[in-house]
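For reference, the structure discussed in these notes is given below.
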Amino acid sequence: MKSNEIDIHKELKKYFGFSQFKGLQEQVIKSILNKENTFVIMPTGGGKSLCYQLPALIQEGTAIVVSPLIALMKNQVDAIRSLSSESGIAHVLNSSLTKTEIAQVKKDISSGLTKLLYVAPESLNKEEYANFLQTVPISFVAIDEAHCISEWGHDFRPEYRNLKHIIKQLGDVPIIGLTATATPKVQEDILKNLDMTDATTYKASFNRPNLYYEVRTKTKNIESDIIRFIKQHKGKSGIIYCLSRKKVEAIAHVLQVNGISAVPYHAGLDAKTRAKHQDMFLMEDVDVVVATIAFGMGIDKPDVRFVIHHDIPKSLESYYQETGRAGRDGGEGHCLAYYSYKDVEKLEKFLSGKSVAEQEIGFALLQEVVAYAETSMSRRKFLLHYFGEEFDNETGEGGDMDDNVRNPKVKIEAKDEVVKLLEIVRDTKHLYKSKEIVFTLIGRVNAVIKAHRTDVQPFFGSGSGHDEKYWMALLRQVLVDGLLSKDIETYGIVKITKKGLDFIKKPKSFMMSEDHEYNESEDEAIVTAAKSSGVADEVLMDILRDLRKKVAKKLGVPPFVVFQEPSLEDMALKYPITNDELINIHGVGEGKAKKYGKEFLELISRYVKDNDIIRPDDLVVKSTGVNSINKLYIIQNIDRKLPLDDIASSKGLTMDALIKEMEQIVYSGTKLNIKYWIDEMLDEDQQEEIHDYFMESDSDNIEKALKEFEGDYDIDELRLMRIKFISEVGN
């Protein structure tokens with residue numbers, strides 16, 4: 001039966017109720033009805049499944065649909081059954097069925113009732129199923145998520161590799177491969193592996209003009225930022241992706257505590273709970289699903305309004321596919337990803353346990369994600385180029401729909417600096433990782449540099465005109481540009497490429513984006529408040545500083561004892577006017593609020609009123625109390641005068657992490673009496689000397705204190721003395 005003998009528009013209306021096809025659907029369906037091998041590359045939301053569902057329903061025989069996920073099959077089978085009075089019209093054949101159910105499936109296929117049979121690739125590999133399917137008429141075989149065949153795809157499944165042999169046993173049946181994401185390399189791989197190089201390829205544009213792409217710095221305030229974002233999109237559906245199950249649970253909990261209807265979804269939950277949470281999302285009983293990447297494959301919810309990546313994904317294919325779940329109805333879709341280079345390093349470490357071949361592939365895919373996050377060109381142009389499609393920002397649809405285009409970055413010429421950087425990599429003979437290269441440039445010594453005697457080389461410190469952040473940013477951009485490469489086998493070693501050597505010989509303009517500072521300094525003793533959400537009110541900031549000075553003077557203590565700078569910044573951002581709001585300000589606990597809060601709250605309240613300020617009502621982020629359990633434990637055991645190293649090891653903390661926790665406790669206004677511990681380390685005179693220093697200093701900065709004492713005390717001694725000082729003087 002040729003396609004021209006069937007009125008496919010009439011059939012489309014009859015089965016699906018649509019009066020016209022979308023995009024390439026009509027051409028694809030005609031190709032399938034003409035028994036041609038067909039390859040379809042159609043982005044998520046383009047109506048891929050209809051391409052094989054309609055021809056299956058109107059042809060003789062049963063169509064086999066190979067799909068990697070049980071949840072996805074169930075979803076589609078339910079959808080097809082809703083179109084017909086016969087529930088046997090579509091079936092699933094997989095490991096979840098009982099013997100009785102399997103017998104029913106076979107009976108419905110043999111009688112010609114079943115038009116679509118969804119199978120997992122593993123099921124096709126089973127001899128009894130393969131033998132049975134050879135005895136019944138098959139209309140065609142559709143392979144959904146065909147990128148799973150390619151090891152260069154983002155979701156390689158070895159069991160997909162065997163498909164072509166099984167399909168051959170079924171006789172001369174046409175094959176339809178479908179995928180939502182495939183780079184040119186993966187496309188070639190799919191056609192070769194399915195032995196269908198003669199296939200007609202239909203490739204839809206990868207451009208989703210209604211999606212807005214944005215990347216934000218991942219700071220320590222990420223939870224507040226996400227809550228604020230969701231509250232600005234009140235009542236709208238969204239998905240938040242995290243890489244670990246633990247993080248999924250934690251974020252879902254924080255959202256629930258803050259009055260957002262959210263559920264977790266990951267492979268660690270039992271099937272019943274997963275199905276329930278998925279249905280709650282589809283039925284709009286909850287607004288947000290927090291999930292690992294297992295969620296959303298084939299879920300047909302057209303009105304997902306935002307997709308947030310809490311962690312950066314492992315490849316741009318996954319990123320594209322996951323963001324593609326937003327705005328399938330053509331309405332607004334906001335795709336927000338949080339990026340920090342620390343996350344990338346975590347993923348790199350994770351790769352280092354795999355085989356060399358897997359590492360190389362994983363690493364190459366990850367570098368593209370880094371390039372995407374750090375680029376200052378149009379994100380849409382960058383993404384589409386990755387999928388082999390050219391895009392012109394001036395004429396293309398959705399050209400202004402990303403943060404880089406709307407807020408163009410300041411760029412600076414860095415040609416000479418690139419040469420300097422490349423020469424250092426070349427002249428240190430490919431020994432170092434990024435950190436050591438940057439240290440060599442700025443002239444900082446560490447054990448590795450000393451061991452190789454790099455600190456006595458003439459080029460040591462040749463880049464001291466710029467700071468560490470500058471060189472780190474440049475190094476990453478030069479890596480992305482291919483002038484340097486990171487060696488996979490010797491995890492993280494940076495080498496110069498041929499392109500880099502050519503650049504040294506013949507330097508050309510290299511414009512670097514100045515303002516992508518994604519790395520937060522690790523060694524700050526006190527966490528600074530991350531102003532990811534906006535900018536503090538500078539006028540209020542000055543007034544608060546004056547009040548702090550006045551209060552400090554009255555009490556005879558340094559200003560930082562009253563409130564630290566980050567706390568003032570947070571107040572000037574969130575305008576707290578009640579005690580509850582003040583307690584949720586960065587670094588302010590109940591003790592601080594009680595002792596110093598009254599005057600500050602009165603001042604802010606007056607300021608808000610006099611200046612008609614509309615306060616952000618959604619900035620009080622309640623914590624889930626995990627940290628508070630730790631804090632309580634620390635306070636109780638210091639009261640019992642337990643050795644600090646015992647307290648640390650019983651909670652699995654390093655000494656550094658314990659001191660950080662203690663700092664947060666005293667800076668929030670709670671007393672910690674650690675004199676018993678300090679007496680073991682320092683005598684009375686030494687303690688008095690450090691106490692007097694802090695009393696007279698205008699800053700509690702540890703770096704300054706270290707410089708002042710010129711190595712008489714180590715960093716832990718000074719940090720512990722600072723805790724004792726704040727505790728006694730401030731709390």
**OP:** Using the side chain to side chain contact (heavy atoms under 4.5 Å, CB included) rule, take Val344 and Val369 through it: C-alpha gap first, then chi angles, then the decisive distance, then the call.
**Re:** CA-CA 9 Å; Val344 175; Val369 178; over 6 Å; no
Original post:
Any sub-3.5 Å donor-acceptor pair from Trp677's side-chain atoms to Leu644's backbone N or O?
Top reply: no
**OP:** Measure from the ring center of His309 to the ring center of Tyr319 and say whether it is less than 6.0 Å.
**Re:** yes
**OP:** Evaluate the side chain to side chain contact (heavy atoms under 4.5 Å, CB included) criterion for residues Leu682 and Leu720: first the C-alpha distance (whole Å), next the side-chain angles of each, then the deciding distance (0.1 Å), finally the verdict.
**Re:** CA-CA 11 Å; Leu682 303 168; Leu720 288 164; over 6 Å; no
Original post:
For the residue pair Lys450 and Asp455, what are the closest heavy atoms and their distance?
Top reply: NZ-OD2, 3.4 Å
**OP:** State whether the side chain of Glu322 and the backbone N or O of Val307 hold a donor-acceptor pair below 3.5 Å, judged by distance alone.
**Re:** no
Original post:
Is there a donor-acceptor contact under 3.5 Å from the side chain of Glu223 to the main chain of Ile251?
Top reply: no
Original post:
Looking at Glu661 and Lys651, does any basic side-chain N land under 4.0 Å from a carboxylate oxygen?
Top reply: no
Original post:
Do other residues, nucleotides or ligands put more than 12 heavy atoms under 6.0 Å from Lys435 NZ?
Top reply: no
Original post:
Any Lys/Arg nitrogen of Asp311 or Lys346 sitting under 4.0 Å from an Asp/Glu carboxylate oxygen of the other?
Top reply: no
Subject >> Shortest non-hydrogen separation from His147 to Val186 and the atoms involved >> reply: CB-CG1, 4.1 Å
Subject >> Ile424 to Ser462 - nearest heavy-atom pair and separation >> reply: CD1-OG, 3.7 Å
Original post:
Below 4.0 angstrom, N of the basic side chain to O of the carboxylate: do Glu214 and Arg379 qualify?
Top reply: no
Subject >> Sub-6.0 Å ring centroid separation between Tyr693 and Phe709 >> reply: yes
Original post:
Is any NZ, NE, NH1 or NH2 atom of the basic residue among Asp403 and Arg216 found under 4.0 Å from an Asp or Glu carboxylate oxygen of the other?
Top reply: no
Subject >> Matching residue for Arg380 among Asn207, Asp400, Asp402, Asn404 - test: side chain to side chain donor-acceptor pair (under 3.5 Å) >> reply: Asn207
**OP:** Please test His452 against Tyr432 for ring pair (Phe, Tyr, Trp, His ring centres under 6.0 Å), starting from the C-alpha separation and ending with a verdict.
**Re:** CA-CA 10 Å; His452 291 299; Tyr432 290 147; 5.6 Å; yes
**OP:** Assert yes or no for the condition that the ring centre distance of Phe229 to His334 is strictly below 6.0 Å.
**Re:** yes
Subject >> Ring centers of Tyr338, His310 separated by less than 6.0 Å >> reply: no
Original post:
For the side chain of Thr217 and the backbone of Thr219, is there at least one donor-acceptor N/O pair under 3.5 Å apart?
Top reply: no
Original post:
Would you call Arg228 and Asp225 a salt bridge, taking side-chain N to carboxylate O under 4.0 Å as the test?
Top reply: yes
Subject >> Glu389 and Lys203: CA distance, side-chain angles, deciding distance, salt bridge (charged side-chain N to carboxylate O under 4.0 Å, His left out) verdict >> reply: CA-CA 10 Å; Glu389 185 178 331; Lys203 187 177 174 196; 5.5 Å; no
**OP:** Answer yes or no: does atom CD of Glu689 have more than 12 heavy-atom neighbours from other residues, nucleotides or ligands under 6.0 Å?
**Re:** yes
